[in-house]
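A quick note: this is a predicted structure, and the numbers were derived from the prediction, not measured.
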Amino acid sequence: MTDRDRRPLPLSVRVVLGVLGPLLLLGAWEAYCRISDVDALLLPPPSDVATSLWEDRSLLWDTFLITAREIAFGLAVALVLGVVLAIAMHLSRVVRATLGPLVIGSQAIPLPVLAPILVFWLGFGIAPKLAIVAVICFFPVVVATLDALDRVDPDLTRLLRTMGAGRWQRLRWVELPAALPAALSGAKISVAIGAIAAVFAEYAGTEQGAGGLGHVIQSAQSGLATDRAFAAVAILAAFTIATTGALALAQRLLAPWAHRRPGDSP
Amino acid sequence: MTDRDRRPLPLSVRVVLGVLGPLLLLGAWEAYCRISDVDALLLPPPSDVATSLWEDRSLLWDTFLITAREIAFGLAVALVLGVVLAIAMHLSRVVRATLGPLVIGSQAIPLPVLAPILVFWLGFGIAPKLAIVAVICFFPVVVATLDALDRVDPDLTRLLRTMGAGRWQRLRWVELPAALPAALSGAKISVAIGAIAAVFAEYAGTEQGAGGLGHVIQSAQSGLATDRAFAAVAILAAFTIATTGALALAQRLLAPWAHRRPGDSP
Amino acid sequence: MVRRLGALPVLDGIDLDVAPHEVVALVGPSGCGKSTLLELVCGLQQPDAGTLRVHPAALMPQRDLLLPWLSSRDNVALPLRLAGASRRAARAAAEELLERVELGRFARSRPDQLSGGMRQRVSFLRALATERDLLCLDEPFGALDAITREELRHWLVDRLRERPRSVLLVTHDVEEAALLGDRVVVLGPRPARVVAEVPVTAGRADGRHREATDAPVVDARRRIHAALHAAIAAGRAAGTEATA
Amino acid sequence: MVRRLGALPVLDGIDLDVAPHEVVALVGPSGCGKSTLLELVCGLQQPDAGTLRVHPAALMPQRDLLLPWLSSRDNVALPLRLAGASRRAARAAAEELLERVELGRFARSRPDQLSGGMRQRVSFLRALATERDLLCLDEPFGALDAITREELRHWLVDRLRERPRSVLLVTHDVEEAALLGDRVVVLGPRPARVVAEVPVTAGRADGRHREATDAPVVDARRRIHAALHAAIAAGRAAGTEATA
Amino acid sequence: GEKSEDVSGSQRPPQERISLLLDYLPNADHAGIYQAQANGSFSKAGLTVDIRTPQDPASVLGLVASGKVDVGITYEPELLLARAQGRDLVAFASLVTRPLTSLISLPKAKIRSAKDLEGKTVGTAGIPYQSAYLETILRKAGVDPKTVKQVNVGFNLNGALLSGKVDATLGAFWNYEGVDLQQRRKKPVIVPVNELGVPTYDELVLVARNETLINRESAIRRLVRAIGEGYQAVRRNPDAGADPLLAANKDLDPGLQREAVSKSVDAFFPADAKKPWGWMETDDWASYAQWMLDQGLLKRQMPLDNVLTTDFLAGEGAGEGRKTPGGQDRPAQKLPGYRGE
Ligand SMILES: Nc1ncnc2c1ncn2[C@@H]1O[C@H](COP(=O)(O)OP(=O)(O)OP(=O)(O)O)[C@@H](O)[C@H]1O
Ligand SMILES: Nc1ncnc2c1ncn2[C@@H]1O[C@H](COP(=O)(O)OP(=O)(O)OP(=O)(O)O)[C@@H](O)[C@H]1O
Ligand SMILES: [Mg+2]
Ligand SMILES: [Mg+2]
């Protein structure tokens, strides 16, 4: 195995493989559904799901737009809050010691307990959904950013201090750029769970006609239309793959120094 | 602000602050419940929760043990699978291109869709719960580990190759130790969402008498005993804080080179 | 003033005065604590005991400590920007400096795209660009070839003539110490103590640069070398932990 | 053989033969491509064009590239363990080597607890411990004081007597090149080309070490210096991108 | 009722907003509500009704009690539990007047009567009072509850049944999961719990805070009347009854909902045809409450005269039971098995 093996494959090959993987899975799944005695209510064959994708396309598309908006705004809130909180905890040991346990503990609150009170505070509109997506997604950002900030070479910050840099300047010139790659890696985790967060968020109660894909999944399931639930999941999965890919790209563009290709350097 | 500010506070101070934060929150919460018109069904005052904690202590303790076991085993599975998968994707570009989209897409599958089929395959015992906890928790480990492996200084691996190190040796001596701190950071994220994963897993079906805290939360909610649901959440939160703390400690012990204290070095 | 790293006393009771505009060269066995001393002086480390008036000083550390995410231009411009210069002005000044050390072509290269000697020059420029009355240089020319090294030495002396400052220079090159220092301080093995002070009397009048063959330089070299040799030998004989 | 880094041709048509057991010293202006050449020889980089028979070689890279998670002992022991030695045997051998460079006390220290010169010595030992017929050293003693440097030079020569190997040595210290090399190759500015070859005729008979004052060494030094000077001047005059 | 209230008159009363929180996702049970919205009953009554969907049924009472919504749909047992905890919530109309919760099994499990449950596995939704149903049913049939394995399958009753992981489920509705199984030709055996020894109760009721009933008496009265008209319209034409529901909720399966509506029409009205839509039988409530007390689901006795009122119902029969929701001027009702608080 040579260095060449660590260079990414050509995009075309990657796309082919990336399509092949799911296709293989779909094939196996279809075969399994036909051979085994699993009921379509539990696990519809991919062909049924495809049919539903096509037949319900307008419903799925409309609701997808609603969900995508919830994910996007919720994630934006999560990223901003997460980075700000991580910085605050990094800058002040008192903030860190005080808020640390609360932040971790907050992750253990199951949605069904949280949702009713969020609805009480924020109503049935998009606000509680954003809050839920943000609550679920901000934690990976906080942990990854804070850990990365803690791992920054202290000599770099101290050198900047000898240059007369204040706290904010050190943050701007050293700590944030140094922590960026790992923070983006946390963001990648957040983006991937954003979809699931939005689904749960929509379980939290909706106004009439304002439900997104989560609502479709819930009502398809209780309406015992599992194929449509799976179709909605397929859309979410595709969306997640696309956004994560975009973020991986952003990672390379924003932090090129952290992704030296083999052979790039002396 | 001096270097001293970056050294951790003394443990005692941290414990005091760590207790103070939640206490302040509890105080505010209690006051809010008394002043506002929020119903205790939505948000019980902490005093009610404390009462329930005490009165239902034996039920809560027994069910906690069940849930803790699910979390522990599920996490163990997630960590092993996550690290192995990350390594496989790191070693082989083909594996990476093929499985990458599937792994990301898998994160978009909401539990309510997944749970029935897992129950169909695995029954109502502990197996489907482990599977659900593992599915939810393994992703942060994969992403964090893989990203960290990708960021390893390629010169180090190449130097080892000039020493005649094979692929596995390079992995063992360079890539795994280099990726360890970030992988543990991913594990920290996983641990924190492990509790919530276990709760959802129990919603998917439990045998009578074998239900853990998730089951308690569910039946407390439908039995309008919100205070008991919150008591269960409080236990989960405490458990999460403890395990995350343990993992943070492990991080410092296992990867001391990544946590140089300020002033340690020339 | 005491500084311990781990269980090891690294510095113990060093007394060092740098007169205004004086160039003091520090020489000592590897691992004796020269870098530690410099970092203490600049406030990069803190003493465990004793007092030390930290001087605002410009530091060029031994590991270059360039910021990996900044181009060489921006690395050099950094102290200027921290001092309040606009991005444009700081960059322009940095580019001018880079031209002077023949790195103009590499203004936009990131540190990982530079050779060892190039990185050292960038780090040197960054320290020069930091406007302080004391300049601390930790082996500034260690990774440079003989010709480049001489040129930079001359350039540094010229710059110090233009804008006099005190300099604390750590070097393992005895000749370099004699060529640059007004006074050479020789440190013994860890814990570092001053074992000899060698004044260099060669003048610097009318823009002339000292030559390695100047009698006072040759003389100073010999004396520094002897002091260093004696210190290391004494250290070993005394059975204190040796440091080569 | 051609190697480009970015848009910059770094090496172009270098032809270099190292005879068995010969010590070839490489000298050249900073940034000319010496490290790149060494890494190509060892297979750390790959040529863009042309062929190059990669020799199994032991490399001491310019940045020390010590593994931060291993103690100095384990860093030195690493090549032995990769070659199949048990952990105990490898560690014992490593500790013995560390004693020789007076780092015995620091066997358990991690690289970030060592001074610059100490790290360099550990990296040097690691290369020595790699059993290969070709030893590639990239500025091995650049961060050491004069005394330690001389001792290590002698020690290296002794080791090569015990177990002869070919050596490719990059150094910016012309004296060192003359003291260690059987032949000194002078490279011109980037893209590096051989501009002069200076054989050093001083013998090494009966365990004696060359002295800086030996006539052939003094002579070689002068010639290397002249060649380097000429190469740099020519490079500038030709208006090729200068590299100091 | 206050007969002066004229809702059918030609002059349009001012539009008044009222929020209505469903018990769960919109489904056949709500056909009349959507009917009322579609055919203008609400606007004729001077109401703008905001229909909301909750996260899960358990959060409805909390949101109503907090005043976040004006009116909610909940289950009789849940209301009784909430009352026992001192919440001043009152049922003022019944939406589904009999139990929908059923014991459902597939033919291959060969469960013809409750006796056959011995040694079998039963899936429940994890709701405490439904577990108590199972216990009551088994005791009535003379089966030792210990011989029956109970599994909590959460939201997934039919899935568990079809996967063969359970032999029967208790907690699914006959007019929904039951209908679905029939449509899938699984020939399910469906028995509502009240036919197995559980006292009958109203599966779905409309509730509001006592305060709301007093302060917005007129609006509530108009709301009840309008919803009643909606269900009347459903009864008149069951085949079209689901149309407004389906129009408002594109994600529903039309076949299933239509069938469910036509199966449920009778359950939307009281058994006694002389009673108006929404009628609740106080005696039935009392015996159900007594059963809950016996099962230990209710911790203490409480008077029932504040739990429900039929005072808001339209037509003849309205005004029986309590007079006014908050007043002290009505005779206290003595209910079987109950002493005062
Ligand atoms: N973090 C640390 N923990 C323990 N010991 C340390 C640490 N950092 C430095 N030391 C020790 O301090 C001593 C002095 O280090 P310093 O870097 O000051 O030496 P130096 O004189 O600059 O050497 P060199 O010429 O090799 O650069 C060394 O012996 C080193 O081992
Ligand atoms: N990753 C890279 N991208 C672009 N250019 C690079 C990269 N790595 C090295 N270079 C260029 O290659 C040239 C040769 O570098 P090399 O490290 O081989 O020089 P060197 O002769 O070892 O110099 P020194 O004596 O300063 O160590 C330099 O001009 C450097 O700028
Ligand atoms: Mg040093
Ligand atoms: Mg080099």
Problem set entry | A:S190: partners by side-chain hydrogen bond (donor to acceptor under 3.5 Å, both in side chains), with sequence neighbours left out | none
For this session: Could you tell me whether the side chain of E:L63 reaches within less than 4.5 Å of the side chain of A:F124, counting heavy atoms only?
Result: yes
Seminar exercise, completed: Under 4.5 Å to a heavy atom of chain A? For E:V60 that would be neither
Exercise. Rounded to the nearest 0.5 Å, how far does CG of A:L122 lie from NZ of E:K68?
Worked result: 8.0 Å
Problem set entry | Set of side-chain hydrogen bond (donor to acceptor under 3.5 Å, both in side chains) partners for E:S131, sequence neighbours left out | E:Q150
Problem set entry | Residue part contacting chain A, namely of E:L21, when any heavy atom lies under 4.5 Å | side chain
For this session: Could you tell me which of E:S66, E:S59, E:P26, E:G62 has the largest number of non-hydrogen atom pairs under 4.5 Å with chain A?
Result: E:S66
